[in-house]
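Working notes, beginning with the structure itself.
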Amino acid sequence: TVLEYPGYADAGNWVDLYTPVVMQCPDAEDAYFAFPSLNCFNPDSDIRNHSTLNIGMAVSRDGIHWGWPSLDPYIPFGEPGSGRSKSLYMLYGGIEVDGEIFQYHAGSDDEHGSGIPTMKRIFRTAQRVDGFVSADFCSQGGRLTTPVVSTEGNELMLNVDAGSGIGNVAILDEAGN
């Protein structure tokens, strides 16, 4: 299994993956999540391994082949002095409480490479059970076509928040009709 950050081999894209924290979702068949620390190097620094680390998210259906729903941080840095502004490391596991998943991560205001970062605080992230990934559109609208979805039963439930607009859904065959 290789978990590779997109564009890693491109010049100037200095991102290593630390502590992948791979978990299989217990309530969904063939759903794997990885929450690696994205070690983003500072190319202008004379300090060896001078970098900051935020937390990304990769997904897989088999635990072998991975994709990145977004290259934006899954857990971004906090404000300077917040205890989580320079180095973040996801802790393993999640706890489901009242329709939310609690995940925990360690944080520091120290940069990687400036000595040994001291993880001084543990932080909790809470999200909906079905809220790992979403498709978001601007107010002018958007379109999303999923891969083929098969289901047993006679219902398909969607989680749509159209704000002050509307959401339209069409069911297409494999040819897109």
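Since the structure is predicted, the reported quantities are computational estimates derived from the model, not experimental observations.
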Hey, mind stepping through L53 and L88 against side chain to side chain contact (heavy atoms under 4.5 Å, CB included) and telling me if it holds?
CA-CA 6 Å; L53 296 102; L88 304 176; 5.6 Å; no

For E96, the side-chain hydrogen bond (donor to acceptor under 3.5 Å, both in side chains) test, sequence neighbours excluded, returns none

Are N54 and S37 close enough that some pair of their side-chain heavy atoms sits under 4.5 Å apart?
no

Looking only at non-hydrogen atoms, find the nearest pair between F33 and C25 and report the distance.
CE1-CB, 3.9 Å

Can you see which heavy atom on H105 is nearest to which on I55, and at what distance?
CB-CD1, 3.7 Å

E100 and D98: CA distance, side-chain angles, deciding distance, side chain to side chain contact (heavy atoms under 4.5 Å, CB included) verdict:
CA-CA 6 Å; E100 290 186 313; D98 296 328; over 6 Å; no

Plane angle bin for F102 and Y104 - parallel if under 30°, tilted between 30 and 60°, otherwise perpendicular
perpendicular

Kindly give the heavy-atom pair with the smallest separation between L71 and W68, and that separation in Å.
CD2-CB, 3.9 Å

Would you say S70's side chain and D72's backbone share a donor-acceptor pair under 3.5 angstrom?
yes

Test item: N39 side-chain N/O and L17 main-chain N/O as donor-acceptor pair under 3.5 Å
no

Looking at every heavy atom in both F35 and M90, which two are closest together, and how far apart are they?
O-CB, 3.6 Å

Would you mind reporting whether P20 and V22 have side-chain heavy atoms less than 4.5 Å apart?
yes

Which atom names give the shortest non-hydrogen contact between A106 and L91, and what distance separates them?
N-CG, 4.3 Å

Side chain to side chain, S51 and E111, heavy atoms closer than 4.5 Å:
no

Using side chain to side chain donor-acceptor pair (under 3.5 Å), reason through Y74 and Q103 one step at a time and then give a plain yes or no.
CA-CA 12 Å; Y74 173 69; Q103 291 179 284; 2.6 Å; yes

With D62 via side-chain hydrogen bond (donor to acceptor under 3.5 Å, both in side chains) - residues at least two apart
S60, H65

Which is it for M23 and Y92 under the side chain to side chain contact (heavy atoms under 4.5 Å, CB included) test, yes or no, and what are the steps along the way?
CA-CA 8 Å; M23 297 182 281; Y92 184 81; 3.2 Å; yes

Give a yes or no on whether the backbone of E79 and the side-chain of R84 come within a donor-acceptor separation of less than 3.5 Å.
no

Is a side-chain N or O of T52 found less than 3.5 angstrom from the main chain of K86, in a donor-acceptor match?
no

Do you know the tightest heavy-atom contact between S85 and G81?
OG-N, 4.1 Å

Taking the side chain as every heavy atom from C-beta outward, state whether T125 and I75 have any atom pair closer than 4.5 Å.
yes

Would F123 end up clustered with F77 when hydrophobic side chains under 4.5 Å apart are linked, directly or stepwise?
no

Main-chain N/O of D110 paired to S108 side chain as donor or acceptor, under 3.5 Å:
yes

